[in-house]
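Here is the structure we will look at, set down as structure tokens.
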There are 2 protein chains.
Amino acid sequence: MSGEVNIKRLAQELNISIATVSKALNDSYEISLKTKNRVWTLAKELNYTPNPAASNLRSNKTKTIAVIIPCVANNFFSLAIKGIEEIARQYGYHVLIYQTHEDTEMEMSFTNSLLNGRVDGILTSVSSNEYNNEYYKNLVNKIPMVFFDRVYEELDTFKVTTDDYQISFTATEHLIEQGCTKIAYLYGLEKLPAGRARFLGYCDALQAHGLLAAEDLVVHYSEDEASNLQNIKTLFQEQAPDALFSSIEEFIIPAYSACQELQLQIPKDVKILSFCNMSSAKLLNPSLTTITQPAFEIGNEAAKCLFKVLNKRGIGDDKDIVLQSTLIKRASTGG
Amino acid sequence: MSGEVNIKRLAQELNISIATVSKALNDSYEISLKTKNRVWTLAKELNYTPNPAASNLRSNKTKTIAVIIPCVANNFFSLAIKGIEEIARQYGYHVLIYQTHEDTEMEMSFTNSLLNGRVDGILTSVSSNEYNNEYYKNLVNKIPMVFFDRVYEELDTFKVTTDDYQISFTATEHLIEQGCTKIAYLYGLEKLPAGRARFLGYCDALQAHGLLAAEDLVVHYSEDEASNLQNIKTLFQEQAPDALFSSIEEFIIPAYSACQELQLQIPKDVKILSFCNMSSAKLLNPSLTTITQPAFEIGNEAAKCLFKVLNKRGIGDDKDIVLQSTLIKRASTGG
DNA sequence: TTTAATTACGTAAACGTTTTCGGATTACAG
DNA sequence: CTGTAATCCGAAAACGTTTACGTAATTAAA
């Protein structure tokens with residue numbers, strides 16, 4: 001056990017050159033199976049692991065990708081991360097995670113710090129507080145990037161999204177079928193395509209059924225939890241809607257609380273459905289009808305796309321990947 | 001803009017040696033302020049950023065730490081990560097995150113893959129499904145490590161925990177003061193010191209007030225959410241406790257659900273308190289009395305400890321850092 | 001048998017830094 | 001004028017890989 005074990009050490013012990021060792025370890029066709037086996041067994045015996053820095057320096061591959069998201073404390077993103085990690089592990093890659101907390105400054109600071117070859121590529125879901133398209137237009141040709149869920153539409157990169165418009169339309173129709181005629185909308189992600197698509201699906205479904213969308217029926221998301229609760233209560237008192245369509249799961253707790261405080265029965269007095277990836281939705285009382293995005297699969301798919309780019313594959317592929325969300329009907333919109 | 005910008009390029013343009021450039025960039029005392037300024041301004045002008053791989057290879061510093069935790073989809077851990085990231089950013093460090101999903105095999109696989117110099121140190125909160133002390137005993141002298149919240153006690157490393165025993169004792173007394181005499185315990189993290197300390201604090205508080213702990217009053221955590229709900233319902237039906245002490249937040253939703261399904265009024269029929277880091281605790285109905293750990297500060301403190309080790313400081317310091325949780329009394333244990 | 005192709009391995013340069021060591025210049029005391 | 005110290009800088013080696021290129025031995029084709 002004299003000193004660290006590197007390829008030079010392996011080469012010495014086997015009386016071959018370090019080039020041969022390196023090639024053998026990388027399973028090169030230039031090396032005979034006999035030699036490869038000698039190298040592999042000794043490497044295992046000495047518990048050799050390649051030095052990532054040296055490898056990276058020479059080959060310009062870091063075996064690392066970055067994930068930049070608003071927040072990990074969110075069921076959608078934590079599931080997506082899980083999906084990303086699975087693929088990364090398959091490729092032997094490591095995952096750096098950066099949380100922007102919906103702050104565009106942070107977002108730019110993080111990405112800028114990754115442009116010097118620290119990572120091979122970036123997966124991101126952009127923050128909601130601003131739509132700074134110009135920045136990303138420059139960024140995307142400096143480093144391989146894939147956007148998921150919260151995307152910028154004009155960019156020529158892989159984008160993994162869900163059928164926000166369609167599922168919102170479908171979900172709204174579900175409420176209408178259940179007899180609702182005054183459906184309020186709890187509006188989140190207003191500045192992003194995803195948020196607007198959800199709202200549009202809701203509006204169009206109303207219109208298709210002869211109902212009208214009204215600004216009075218819309219509650220806009222606030223970072224302050226208490227004011228969300230208050231706004232929903234005010235909505236009930238002033239408009240008396242018979243349903244709530246929540247576009248983000250952050251509205252769920254205040255919505256339920258508002259109903260209980262105002263003695264409104266779900267689903268008798270008011271029906272509720274929400275975009276939601278919490279497994280506890282079915283444990284709420286009453287259980288919550290949800291639009292559930294395939295968060296894990298989104299992360300999975302986004303990571304696959306990134307590795308396509310990193311491996312120079314999938315050149316001609318369609319870069320707009322749209323996965324299907326599912327409407328899970330439960331008691332909160334029941335008869 | 002011919003080619004990439006590295007220190008060689010800077011050296012050429014300034015007609016000085018690369019050694020001087022390198023030292024100037026690192027603010028070495030060997031370089032005159034005049035030269036430093038020339039280097040700094042050109043570096044900024046050309047938007048130079050050092051190559052991390054080269055720097056790492058030569059200096060054996062990666063400017064990266066790893067965080068290995070059971071799961072990011074948990075308020076405690078996501079807050080802790082936030083605390084860690086804050087410190088990491090201050091030191092110019094990057095954060096790799098690995099989720100074990102409470103699987104010891106994963107845990108070992110991840111840590112092993114980090115021993116080749118990919119990171120400078122590791123922050124971890126161990127998984128709950130096993131107590132494999134031997135493994136860590138070997139690991140801790142191969143790479144700087146700091147444990148937080150879920151720790152192994154016998155290891156000679158920095159450990160950041162909370163006053164689990166004391167706060168459980170206090171919280172149990174709170175229930176007793178509110179008139180409870182049959183307090184059930186929802187038991188999580190049984191294999192870890194933290195989990196056992198919480199249980200012990202509960203037991204000792206009961207005993208100190210002439211009450212007795214009984215196995216019949218304990219519900220053990222199950223990975224299956226549905227069975228937790230079922231077990232709590234069974235507990236109510238067979239034992240009719242007048243309070244629930246939940247040691248992990250995963251029990252909250254099933255506990256509330258069980259009460260509603262069994263038509264038990266909180267806090268009239270049964271009082272509930274729980275270890276919990278969800279900001280939505282106060283929005284539950286009724287609002288939940290919680291034992292809240294300073295999750296952000298724990299992450300913060302753990303990261304600080306790691307950087308102490310990395311910078312060879314804090315040799316004589318006490319390595320057992322215990323932060324205070326707080327008992328936040330709300331309606332669920334009210335009169 | 002000669003020539004070309006294939007196989008298997010080695011030499012050495014390169015990746016972009018950091019750092020040791022030494023050299024040159026200047027300042028200042030003796 | 002000499003010697004010493006302080007200041008500032010450069011040459012070159014190192015970190016551990018990967019890879020372009022060369023070469024010898026073997027095999028296949030002619």
Side-chain angles (χ1 to χ4, degrees), chain A residues 2-40 42-43 46-64 92 94 114-120 310, chain B residues 2-40 42-43 46-64 92 113-120 310:
Chain A
S2 60
E4 287 305 299
V5 37
N6 48 28
I7 58 174
K8 191 198 289 182
R9 167 91 179 277
L10 294 180
Q12 281 174 349
E13 305 228 353
L14 294 171
N15 265 322
I16 56 180
S17 76
I18 63 169
T20 304
V21 174
S22 174
K23 290 175 191 169
L25 290 170
N26 292 320
D27 203 10
S28 162
Y29 68 97
E30 293 183 45
I31 306 299
S32 71
L33 187 57
K34 191 178 148 198
T35 309
K36 282 180 186 173
N37 279 325
R38 293 214 306 145
V39 172
W40 291 339
L42 183 66
L46 297 185
N47 200 18
Y48 166 79
T49 52
N51 181 308
S55 171
N56 169 13
L57 176 60
R58 178 56 223 244
S59 65
N60 276 321
K61 308 256 175 225
T62 62
K63 289 265 175 186
T64 307
H94 298 251
L114 296 174
L115 293 179
N116 54 8
R118 179 169 289 275
V119 299
D120 295 346
L310 294 181
Chain B
S2 61
E4 287 304 301
V5 37
N6 48 28
I7 58 174
K8 191 198 289 182
R9 166 90 179 278
L10 295 180
Q12 281 174 349
E13 305 228 353
L14 294 172
N15 265 323
I16 56 180
S17 76
I18 63 168
T20 304
V21 175
S22 174
K23 289 175 191 169
L25 290 170
N26 292 320
D27 203 11
S28 161
Y29 69 95
E30 293 183 45
I31 306 298
S32 70
L33 187 57
K34 191 178 148 198
T35 308
K36 281 181 187 172
N37 278 325
R38 291 214 309 144
V39 173
W40 290 339
L42 183 66
L46 298 184
N47 200 18
Y48 166 80
T49 51
N51 181 306
S55 170
N56 170 13
L57 176 60
R58 179 55 225 245
S59 66
N60 276 321
K61 307 256 178 226
T62 62
K63 290 267 176 186
T64 307
S113 78
L114 296 174
L115 294 179
N116 53 8
R118 179 169 289 273
V119 298
D120 294 347
L310 293 181

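Chain naming here is simple, since letters A, B, ... match the order of the sequence lines and numbering starts at 1 in each.
Both Ile18(A) and Tyr29(A) sit near DNA chain C, but only Tyr29(A) has its closest nucleotide nearer the 5' end.
Looking at Lys36(B), its side chain does come within 3.5 Å of a backbone N or O of Ser28(B) through a donor-acceptor pair. No donor-acceptor pair under 3.5 Å is formed between the side chain of Asn56(A) and the backbone N or O of Pro52(A).
Rounded to whole Å, the distance from CG on Asn116(B) to P on dG16(D) is 12 Å. Rounded to an integer number of Å, the gap from Ile31(B) CD1 to dT7(D) P is 13 Å. Atom pair Leu14(A):CG and dG10(C):C1' shows a separation of 15 Å (rounding to whole Å applied). Distance, Ile7(A) CD1 to dT19(D) C1': 11 Å, rounded to whole Å. Taking atom CG on Asp27(B) and atom C1' on dC9(D), their separation rounds to 16 Å, with Å as the unit. Note: CG (Leu25(A)) to C1' (dG16(D)) measures 12 Å, nearest angstrom. Rounded to whole Å, the distance from NZ on Lys34(A) to P on dA8(C) is 11 Å. Atom CZ of Arg9(B) is separated from atom C1' of dT17(C) by 17 Å (rounded to the nearest Å).
Here the side chains of Thr64(A) and Arg118(B) are in contact, with some heavy-atom distance below 4.5 Å. Residues Leu310(B) and Lys61(B) have side chains not in contact (no heavy-atom distance under 4.5 Å, counting atoms from C-beta outward). Using a 4.5 Å cut-off on side-chain heavy atoms (C-beta onward), Ile7(A) and Tyr48(A) make contact. Side-chain atoms of Leu115(A) and Thr49(B), non-hydrogen and from C-beta on, never get closer than 4.5 Å to each other. Here the side chains of Asn51(B) and Glu4(B) are not in contact, with every heavy-atom distance at 4.5 Å or above.
Summary of helix geometry: the two end axes of the helix from dT1(C)-dA30(D) to dG30(C)-dC1(D), each defined by five base pairs via their C1' atoms, are inclined to each other by 50° (rounded to 10°).
Side-chain N/O atoms of Ser22(A) include none lying less than 4.0 angstrom from OP1 or OP2 on dT19(D). At dC9(C), none of the side-chain N or O atoms of Ser17(A) fall inside 4.0 Å of OP1 or OP2 (strictly under the cut-off). When the side-chain nitrogen and oxygen atoms of Thr35(A) are compared with OP1 and OP2 of dC9(C), one or more of them lie within a distance under 4.0 Å.
Judged by distance alone, with hydrogens and angles left aside, Glu30(A) brings a side-chain donor or acceptor within reach of the base of dC9(C), the pair sitting under 3.5 Å.
Atom CZ of Arg58(B) and atom CG of Leu57(A) lie 12.5 Å apart (nearest 0.5 Å). Lys23(A) contributes atom NZ, which lies 7.0 Å from atom OG of Ser17(A) (distance to the nearest 0.5 angstrom).
Taking a 4.0 Å limit (strictly below) on heavy-atom distances, residues 47-64 of chain B reaches DNA chain D at Leu57(B), Arg58(B).
Checking dT17(D), dG10(D), dT18(C) against every side-chain atom of Asn26(B), the shortest atom distance belongs to dT18(C).
Of the N and O atoms on the side chains of Thr62(A) and Asp120(A), at least one donor lies less than 3.5 Å from an acceptor on the other residue.
Counting any heavy atom pair closer than 4.0 Å across all strands shown, Lys8(B) reaches no nucleic acid atom.
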